[in-house]
There are 4 protein chains.
Amino acid sequence: MSRKEQKEKTRRRILSSAFELFKEQGYLKCNTADIALRAGTAHGTLFLHFGTKEQLLFECIEERLIDISNRLSHAARDAENLESMLRIYLHHIGNELEFETMIAREMPLLPVSLQRKIMAIRSGIAADFYQVLEWEMENGTIRHVDPAMALNFWFGTLNYYLANQALFAGDGNIIETSGNQLISYFIQSLRR
Amino acid sequence: MSRKEQKEKTRRRILSSAFELFKEQGYLKCNTADIALRAGTAHGTLFLHFGTKEQLLFECIEERLIDISNRLSHAARDAENLESMLRIYLHHIGNELEFETMIAREMPLLPVSLQRKIMAIRSGIAADFYQVLEWEMENGTIRHVDPAMALNFWFGTLNYYLANQALFAGDGNIIETSGNQLISYFIQSLRR
Amino acid sequence: MSRKEQKEKTRRRILSSAFELFKEQGYLKCNTADIALRAGTAHGTLFLHFGTKEQLLFECIEERLIDISNRLSHAARDAENLESMLRIYLHHIGNELEFETMIAREMPLLPVSLQRKIMAIRSGIAADFYQVLEWEMENGTIRHVDPAMALNFWFGTLNYYLANQALFAGDGNIIETSGNQLISYFIQSLRR
Amino acid sequence: MSRKEQKEKTRRRILSSAFELFKEQGYLKCNTADIALRAGTAHGTLFLHFGTKEQLLFECIEERLIDISNRLSHAARDAENLESMLRIYLHHIGNELEFETMIAREMPLLPVSLQRKIMAIRSGIAADFYQVLEWEMENGTIRHVDPAMALNFWFGTLNYYLANQALFAGDGNIIETSGNQLISYFIQSLRR
DNA sequence: AATGAATGAGGCTTCATTCAT
DNA sequence: TATGAATGAAGCCTCATTCAT
C-alpha cells in the first residue's frame, strides 16, 4: 500500500471513530483523545489530519451530509409527490437518527461559519423539496404558499423534534413515534 | 430585616449577572468565576446561594420564564383571536430575545431533568394557546386540526428560528425580520 | 432561663451534634456548617463557643472520654480479676463503638498536642488496668511481665481492630465478632 | 526506546516526589500541585500518568510494599526462628519508617477498596510469619496458639506504635527506641 | 507521516473562619 | 450572645493542542 493510501486509511479511521463518538456523546462532550483511541491512532495524528477538533467535526459532517444529501436526492427522483418525498426524507433521517440529532442539538452552538457550511450542503435537499412543492402548487394539489416558509416550518419543526427528542420520545425513536403525524399534519396544512 | 434584604440583594446581583453572561456567552461557555466577578461578590458566594452552576441556570431561567409566562398570560386575556395572541407572544419573545435564544440553543444539551422543568414552566403558555386554538376552531374561523400538533409546529419553527438566528437574521432581530411572516404563514395554514 | 443557662444549652447542643457527626462521618470529612445545622444554631455560633473545629473536637472528645473513663473506673471496682476487667472494658467500647472507632482512626492525624490531651484523659483507664495486672502478678495468677508492655499490646491490638474494622468485620460489630477471641488470647498469653 | 524511557523517567519523578510528600505531610494533607511541582512536571502530567490522586497513592504504596515484601521474604529465608524473623521485619520497617508510619496513620481513612489492596499485597509477609510460627509450634519452641491471633497482636501493636509514634517516641525512631522491647515481649508471650 | 508525552490554563466546588448586624 | 452572609484560598481534575522524536 502506498504512502498516500496509508494516509487516507488513517484519515478514514479517525473520521469514522469521530463520527461514532459525536453521535454517542455529542460534539461538545466527547474528547479528541477518545476519538484517536477508538481510531487506533496516536492522539497527535488526529491534529495532523484535521488541525482542530472543530475542523474534524466539519469534515465529518460534510462527508456524511453530502452522502445523505446525495442518497436523498437520488431517492427523491422517484418521489411522485410531496408526501412520498417527505416519507423518503424521514426514512433517511431515521436511518441516521443519532447523527441528525447531534446536528440539531449542537449546530446552534458552533461558529457561524461552520453553521453556514452545513446549511450550504443541505441546500441541495431543500432545493429538491422546493421543486416538489412548486410542482404540486402548479398542479393545484396544494395551496399556493410561500414555499420557503413552508419548508422552514417543515425543517424547523422536525429539528425541534430531533433536538428535544428526549422530551418527546424518551429513549424511543422519534421518527417512528411521530413521523406519520408530522407528515400528515404538514400535508394537511397545505391542502386547499 | 436588613440582613435578609442584603442577602436578597446579593442573590439578585448574582442572578442578574448570570443572566447577562448566559445571554452574552451562553451557559456552557461562560464560567462561574466571571459571573461572581461581575456580580461583585466572591466566587464562593455564588455557590452559597445556588449550589451549582446548573442550579443557578435553573433559577435564572425559572424566574424569567415565570415572569414572561405571567406577563404573557395576562396579555393573552386581551387577545381576541389567535393572531393577536401570536403577536403578543412574539412581542414578548422579542423583548427577551437573547434569553430566549440562549434557551433555544442550549436546552437540548442540558440534563433532561432540567429540560423537563423548563417545559413544565412553559406549559402554562402552551395552555393559553391551546384554548385560543380550540375557541377559534369552535367558532369556525380556523380549520379543525390537532391543536397539539399545530402548537408543535408553531413552537418548533419559532425555536428553530431562534436557535439558528445567526443564519436567518445575522445580527438583526429575528422577530422583527421574520415575525410577521411566521405569523401570517401559520395563520394561513390554519385557514379553511 | 438565665443567660448563662441559655448559653450552656446552646453549647451542649453543638457538642452533641458534633459528636454525632464525628461518629457518622469522621472528623476530617464532616464540616462545621452541618454540625451547626444539626444543632439548630447559626454556623457562627459554633465558633463563638469553640473557636476552631479542632477545639470543638477536643472538647467533644474530652467530655466523652472523661465520662467513659469514669464509668469504666467505677465499673472496674467490681472487677475481681483481669478477665472481668477486660470484659467490662470491651463492653464499654462496644457501647461507644462509633466514637471509639473514630478516635482510633483519626487520632494519629491530629496535632500532637491534641493527641497528648487524649492520652492524658485515658491514662486513668490505663492505671486501673495496671493495678489489676500487678495484683494478678502478685497473686501468681499470671506471669511476671512488664505491665506497660502488656497494656500496649492490649490497647494496640484493640486499636488496630477498631481502626481497621472495615477489613475485619465489614459492617458488623467488631467487639461482638472478635471481642472474646481478643480477651482469651490476651489472657492466655499471660498465663504461666 | 528513548520515548518510553523518558516517560518512565517522568513517571518515576512523580512517583518519588509523591512518595516524599506523602511521607512528609501525609496523603490527605499534601496536594497534587505540589507533587507535580517537586517532580518538575506540569500539574496535568501527574493525572496523565496516574489518573487520580488516590491512584497515585496506590501505585506509590504498591511499588514500595511489593519491594519491601520481596526483600523481606528474601531475608526471611535466612531466618532460623521467629525472633530473627521479627528482627528482620523491624529492620525493614525501620528503613522505611516514614512510609510505614504514613500507611499506619492514613490507611483507615482510605476507601475500603484501597485498604483491601494494601492488605492483599501485605498478605505475603503475613504468610511468611505464619509459617515460622507453625514451624516453631511444631518444634515445641513456642506454645500452641492461634497463629492468626498471634499475628494480629504483633501487627496490631506495631501498627499502634507506628501510628502514634509521636506519642511514643517524639521525633525519635520508634523502632530503635522500642523495637527490642516489642520483640522480646512478643516472644516471651509465646514461650511455654 | 506518525507518535504520544507533556503542557498549563481553565473549570467547578468546598469549607473553616470572620464580622457586621 | 447569637446570627448567617460573605469570604477566598485551596483542591482535584480535564483537555485541545504542541513538539521533540
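A note on names: the letters A, B, ... follow the listed sequences, proteins ahead of strands, and every chain is numbered from 1. Computation of the quantities below employed the complete heavy-atom set of this structure, encompassing side-chain atoms and omitting hydrogens, waters and symmetry-equivalent molecules.
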Positional range of nucleotides in DNA chain F within the contact set of chain A, heavy-atom, under 4.0 Å = F:dC15 to F:dT18

For a side chain to side chain donor-acceptor pair (under 3.5 Å) with D:Thr101, tell me which candidate from D:Gln165, D:Lys23, D:Glu96 qualifies.
-> D:Gln165

Distance-only, no hydrogens or angles: does the A:Glu106 side chain make a donor-acceptor pair with backbone N or O of A:Leu28 under 3.5 Å?
-> yes

Would you call C:Arg12-C:Glu63 a salt bridge at under 4.0 Å N-O?
-> yes

Note: for C:Cys30 and D:Thr10 on DNA chain E, the residue whose nearest nucleotide lies more 5' is D:Thr10

Stems in DNA chain E, runs of 3 or more consecutive Watson-Crick or G-U wobble pairs with both distances under 3.5 Å, sorted by first number, are E:2-21 with F:2-21

Tested for ring-ring contact (aromatic ring centres under 6.0 Å, His included) against D:Tyr27, the lone hit among D:Phe22, D:Phe58, D:Phe99 is D:Phe22

Verify the contact: side-chain N or O of B:Asn31 to OP1 or OP2 of E:dG11, cut-off strictly under 4.0 Å; return yes or no.
-> yes

Do you know which two heavy atoms are closest between C:Leu56 and C:Ala18, and how far apart they sit?
-> CD2-CB, 3.8 Å

What integer distance in Å separates A:Phe50:CZ from E:dA1:C1'?
-> 14 Å

Round to the nearest Å and state the distance from A:Glu5 atom CD to E:dA1 atom C1'.
-> 15 Å

Using heavy atoms to find the nearest nucleotide of DNA chain E for B:Asp34 and D:Lys7 separately, return the residue whose nucleotide is more 5′.
-> D:Lys7

Evaluate the criterion side chain to side chain contact (heavy atoms under 4.5 Å, CB included) for residue pair A:Met119 and A:Met107; output intermediate values, then yes/no.
-> CA-CA 10 Å; A:Met119 290 302 268; A:Met107 195 173 99; 3.9 Å; yes

Can C:Arg38 and C:Glu20 be said to form a side chain to side chain contact (heavy atoms under 4.5 Å, CB included), step by step?
-> CA-CA 9 Å; C:Arg38 188 177 292 198; C:Glu20 287 173 22; 2.6 Å; yes

Within residues 38-46 of chain D: residues closer than 4.0 Å to DNA chain E (heavy atoms) = D:Thr41, D:Ala42, D:Gly44, D:Thr45

Whether D:Arg105 side chain and C:Leu109 backbone form a donor-acceptor pair below 3.5 Å | no

Separation of atom CZ in D:Arg3 from atom P in E:dA2, rounded to whole Å = 15 Å

Can you find a heavy atom in the side chain of B:Leu21 that is under 4.5 Å from one in the side chain of B:Glu24?
-> yes

Specify the separation, in whole Å, of atom CD of D:Gln6 and atom C1' of E:dT3.
-> 15 Å

C:Glu54 CD to E:dC15 C1': how many Å, rounded?
-> 16 Å

NE2 of D:His49 versus C1' of E:dT7: gap in Å, rounded?
-> 11 Å

Is any side-chain nitrogen or oxygen of C:Thr32 closer than 4.0 Å to OP1 or OP2 of E:dC15?
-> no

Is there a donor in the side chain of C:His43 and an acceptor in the side chain of C:Thr32, or the other way round, less than 3.5 Å apart?
-> yes

Between CG of C:Leu110 and CG of C:Leu57, what distance do you get to the nearest 0.5 Å?
-> 5.5 Å

On DNA chain F, more 5' by nearest nucleotide between D:Lys53 and A:Phe47 is D:Lys53

Hey, which sits more toward the 5' end of DNA chain F by its nearest nucleotide, A:Leu28 or B:Leu48?
-> B:Leu48

Salt-bridged, B:Arg64 to B:Glu59, with N to O below 4.0 Å?
-> no

